[in-house]
Amino acid sequence: QVQLVESGGGLVQAGGSLRLSCAASGRTFSRSPMGWFRQAPGKEGEFVAAISWSGGSTYYADSVKGRFTISRDNAKNTVYLQMNSLKPEDTAVYYCAADVFGRGGNTVREYDYWGQGTQVTVSS
């Protein structure tokens with residue numbers, strides 16, 4: 001069992017930055033790839049970024065590549081999403097997710113546990 005709690009969302013102007021955190025509980029966190037997804041109103045959920053259990057490999061959606069950075073601190077059971085150069089189209093609820101079976105991937109069905117989400121709003 002893994003419980004995930006996101007924080008760090010908020011309102012920011014275009015061009016600004018935010019850092020999202022996802023605190024995890026459960027023994028499997030340090031062995032689980034982790035991902036960030038987002039969902040904007042009226043749109044389907046979208047993959048944002050993923051990181052391997054060791055942190056040695058990262059993956060990004062083309063829409064955020066070069067602006068967002070995913071990282072993790074296994075000693076703190078926390079995964080982060082640093083978001084720079086934010087755009088209004090980044091506005092969404094952001095969710096972190098745990099892939100406890102280590103499938104690796106960028107689709108919702110490959111992740112087993114989800115946080116409650118944190119709202120990110122970027123004004124123009």
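Two residues are said to be in side-chain contact when any heavy atoms from C-beta on lie closer than 4.5 Å; D73 and Y80 meet this criterion. When side chains are defined from C-beta on, D112 counts as touching R103, because their heavy atoms get closer than 4.5 Å. For the pair Q116/V5, a side-chain contact is recorded, criterion being any heavy-atom separation below 4.5 Å from C-beta on. Taking the side chain as every heavy atom from C-beta outward, T91 and Q119 approach each other to under 4.5 Å. Contact of the S52 side chain with the P33 side chain is not registered, since no non-hydrogen atoms from C-beta on lie closer than 4.5 Å. Using a 4.5 Å heavy-atom cutoff, the side chains of D90 and R38 are in contact. Taking the side chain as every heavy atom from C-beta outward, V79 and W36 approach each other to under 4.5 Å. When side chains are defined from C-beta on, N74 counts as touching R72, because their heavy atoms get closer than 4.5 Å.
One finds the OG atom of S17 at 3.5 Å from the CG atom of N84 (value rounded to the nearest 0.5 Å). Expressed to the nearest 0.5 Å, how far CG of N77 lies from CD of Q3 amounts to 12.0 Å. To the nearest 0.5 angstrom, C22 atom SG is 5.0 Å from E6 atom CD.
For the pair T78 (side chain) and K76 (backbone), a donor-acceptor distance under 3.5 Å is present. The main-chain N or O of E44 is never found under 3.5 Å from a side-chain atom of Q39 such that the two would form a donor-acceptor pair. Judged by distance alone, the side chain of Y111 and the main-chain N or O of G105 form a donor-acceptor pair under 3.5 Å. A donor-acceptor pair is defined here as one N or O able to donate and one able to accept, closer than 3.5 Å; such a pair exists between the side chain of T118 and the backbone of G9.
No chain of hydrophobic side-chain contacts below 4.5 Å, direct or via other Ile, Leu, Val, Met, Phe, Trp or Tyr residues, connects V108 to Y94. The hydrophobic clustering, which links ILVMFWY residues whose side-chain heavy atoms are closer than 4.5 Å, places I70 and Y59 apart. No continuous path of hydrophobic side-chain contacts links Y95 to I51 [ILVMFWY only; heavy atoms under 4.5 Å]. There is no path of hydrophobic side-chain contacts, each under 4.5 Å, that joins V122 to V93.
Within a 6.0 Å sphere centred on CD of E89, heavy atoms belonging to other residues, nucleotides or ligands number more than 12. Around the NZ atom of K43, the shell of radius 6.0 Å holds no more than 12 heavy atoms that belong to other residues, nucleotides or ligands.
Every residue two or more places apart in sequence or in another chain that forms a side chain to side chain contact (heavy atoms under 4.5 Å, CB included) with A98 is listed here: V2, L4, M34, V100, Y113. W53 meets the ring pair (Phe, Tyr, Trp, His ring centres under 6.0 Å) test with no other residue; sequence neighbours excluded.
What you find for P88 and S124 is that their closest heavy atoms are CG-CB, 3.8 Å.
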Just do the ring pair (Phe, Tyr, Trp, His ring centres under 6.0 Å) check on F47 and Y60 with the steps written out, would you?
CA-CA 8 Å; F47 169 77; Y60 298 94; 8.4 Å; no
Please report the C-alpha distance between F37 and W114 in whole Å, then the side-chain angles of each, then the deciding distance to 0.1 Å, and finally whether the ring pair (Phe, Tyr, Trp, His ring centres under 6.0 Å) criterion is met.
CA-CA 10 Å; F37 290 76; W114 295 80; 5.1 Å; yes
